[in-house]
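Take a look at the structure set out below.
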Amino acid sequence: MPSATVNKPRPSELLSRLTSAEPEVKVRALREVKNQIIGNRTKKLSFLKLGAVPAVAGILADSIDDVTDNNNCNNDSNNAINILVQSAAALGSFACGFDAGVQAVLDAGAFPNLLRLLANPNEKVVDAVARALRMIYQSKLAPKYDFLQQKNMEFLISLLNSEKENVSGLGASIITRSCETNLEQKALFDAGILRKLNSLLEGGSLSQRDASLESLATIFRNNPEVISKFAGPEIGRPLSSIIDLAKDRYPRTRLLACMCLIVIRNASPHFLQDIGIKTKLIHILLELLDDPGQVGDEAPFAFSSLIAQKEDLQKLALEANAIDKLHHHIKKGSLHPRRYEGILLALADMCSKLESCRSKFLSLQVLNLLADALTDYNAGVRAAACICLKSVTRSIKNLSAGYFMNETIVIPLVQLFLDPSTSVQVAALGATSNIVVDFTTRKSIFVQCGGMKQLVQLAKSMESSVRSNALWALKNFVFQADNRLKEGVFSELTASLLSSLIRDPEPSVQEQALALVRNLVDGCINLIEFVFAEDGLILGAIGRQLQCASTAEIGIQGMYALCNVASGNEFHKEAVMQLLFTQMGDKNQSFVIKFLQSNDSRLCTATVWTIVNLTCPSSPGAPGRLEKLRNAGIVSQIKNMVNDPCVDVKLRVRTVLGQSMAFGDN
């Protein structure tokens, strides 16, 4: 017997029913709208385009005043209640997991009416409204509350004190989305909010526990003071409660408890030092990767936040076969983009510090999978693949072996230089910066793929982060490169472009441009001529930038560039001397004195090293330059640094003084 098919009303037909004067028709239409859009982004978009959200929001607003108290059971009141419940539920469904839906609900003016209905005497209305508001507060677009205002704190306390599960859960969700500053975190603690959240952890429903864990993590984030108070004796045994929930039978609860514990440990490392707890967290998060839903999608991000920048935890994770397990999930394929991105970022953190982790990664022959990820349709996955590649290529041993400078990696990476996403471009440039440090003679592959020319083009980008990272990659590309390659790079860049980048408004760009010049002129004496091209445009730009250097890093790179120029012939040395004394500050003082008096030993080292090259005894003009440096008070300042605590500074200072004595200075 053939099965019957039920034809669902079309969106346009349902919208016309929403305008019906018959309450029953309107209620059924609202219910049908809600049912059609639940979990269906495509349907939500269809209804959004037809203006369904303003229509439903209008029905909600019109029905508020029609509701009498809960004891009045006449048909009109019941109809109005049903309309409120269904319209609130429909608005919540539009907002659930869908930012465009949240924005539409807010734009339609429904938010204030939903808040107003929390005070409605009818429990069904309050529950539906609280659910809808919780859906809104899943999104970063949700309106934020300033908890330093007394009325907002009182409103929050009233929500958390409610016996209705969705209302108290809404209070916790509002905290998660609204609490952003240390002052707000402290205010919430002082108002007794953490005690209430802890009671929901220990005696609340599943929904309340999960909402409380999320809000606690928000209040703890980067606030050791609040964590210490929370873990103190006045609240009870809250940390034990959270640790217990990390072993809960519900995957989402386990994940949220782990995330809360990670926030605590990252802010206050002296808590949760027990190796058993750390190992357990690693194992739980790796197990949660097997969850087929949202929990599995979020687990690798939690894992990353646990191990990031922590060698001890990365070692424990390696022992727990984390790299094998993460690799296994990528190898399976058909991953949700969010999960795919998270696993790649987790692998990036695993390989960020330890050579043993990078060796394990490479032993699994993951590079081909990584190359596939570089061409994924999802921008987040592409960026994560680049970040992972950047971590793996921190290995000097593997760079020296030339593992990464091959077409399988280089071609898709270079293609990402033109990616429409800036974050992908920056991530690709970051990975490239490591790969082009290749110590073999295979840099020509990068040139043949068009990489060098594209880096020069990206150095002209409107985005400062792209300019800076493109220059960083070029700086590494010319590091210890042969003369021919350096000449090719300089020919593409031109002196005028490089000098303009040295004067860029962004300090990070200035620093990388100066570092690029430093590497370009390092080596053969002929390379020093780059800074004299086009009437010394580059040398002049260096001098002007050093006089007004806004960061120590700019000074360091600029001085090393001059140091390399000063290592050249007599003409080069005199050009540097002229620059040092042409660019004078307010007190007619060279920036050299300021740099020598810096608290940054790296800047002092670079500056003294420049003086070493200027006063080399084998150079005919050294005595005259030394006299000029002495008259400017520079030699006197260097003498004061003879016992500098930094070994590098001390060595260079003694070299200068030794050279000075060779010319009769005491």
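As the structure is a computational prediction, the values presented were derived from the model and not from experiment.
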Worksheet entry | Test item: Q557 side-chain N/O and R518 main-chain N/O as donor-acceptor pair under 3.5 Å | no
Worksheet entry | Salt bridge present between K475 and E511 (N-O < 4.0 angstrom) | no
Worksheet item: Within a radius of less than 6.0 Å around CD of Q273, do more than 12 heavy atoms belonging to other residues, nucleotides or ligands occur?
Response: yes
Item to complete: Taking only Lys NZ, Arg NE, NH1 and NH2, and the carboxylate oxygens of Asp or Glu, determine whether D210 and R134 approach each other closer than 4.0 Å.
Response: no
Practice prompt. Could you tell me whether K151 and E154 make a salt bridge, using a distance below 4.0 angstrom between a side-chain N and a carboxylate O?
Written response: no
Worksheet item: Does atom NZ of K124 have more than 12 heavy-atom neighbours from other groups under 6.0 Å away?
Response: no
Worksheet item: Is it true that atom CZ of R358 has more than 12 heavy atoms of other residues, nucleotides or ligands lying nearer than 6.0 Å?
Response: yes
Worksheet item: Counting N and O atoms only, with roles assigned by atom type, does the side chain of N152 sit under 3.5 Å from a partner on the main chain of D146, one being a donor and the other an acceptor?
Response: yes
Discussion item. If I compare all heavy atoms of D99 with all of S139, which pair ends up nearest, and what's the gap?
Written reply: OD1-OG, 2.7 Å
Item to complete: Inspect the contact between K315 and E319 and indicate whether a charged nitrogen and a carboxylate oxygen are less than 4.0 angstrom apart.
Response: no
Worksheet item: Of all heavy-atom pairs between N469 and S433, which one has the smallest distance, and what is that distance?
Response: O-OG, 4.0 Å
Worksheet item: So does K325 have more than 12 non-hydrogen atoms from other groups sitting under 6.0 Å from NZ?
Response: yes
Worksheet item: Is the shortest side-chain N to carboxylate O distance from R652 to D648 below 4.0 Å?
Response: no
Practice prompt. Measure the CD1-CG distance between I227 and N266 for me, rounded to the nearest 0.5 Å.
Written response: 9.0 Å
Worksheet entry | Heavy-atom check, side chain of H327 versus side chain of F361, under 4.5 Å | no
Worksheet item: For K390, does its backbone N or O pair with a side-chain atom of T393 as donor and acceptor, under 3.5 Å?
Response: yes
Fill in: Distance under 6.0 Å and angle within 45° of ring axis: R602 vs Y560
no
Discussion item. Within this structure, what is the SG-CG distance for the pair C258 and L245, rounded to the nearest 0.5 Å?
Written reply: 10.5 Å
Worksheet item: Can you tell me if T218 uses its side chain to pair, donor with acceptor, with the backbone of E214 under 3.5 Å?
Response: yes
Worksheet item: Under 6.0 Å from the NZ atom of K310, do we count more than 12 heavy atoms belonging to anything else shown?
Response: yes
Practice prompt. Measure the spacing between CH2 of W472 and OG1 of T432 and express it to the nearest 0.5 Å.
Written response: 13.0 Å
Discussion item. Does anything in residues 131-169 form a ring pair (Phe, Tyr, Trp, His ring centres under 6.0 Å)? List the pairs, not counting sequence neighbours.
Written reply: Y145-F155
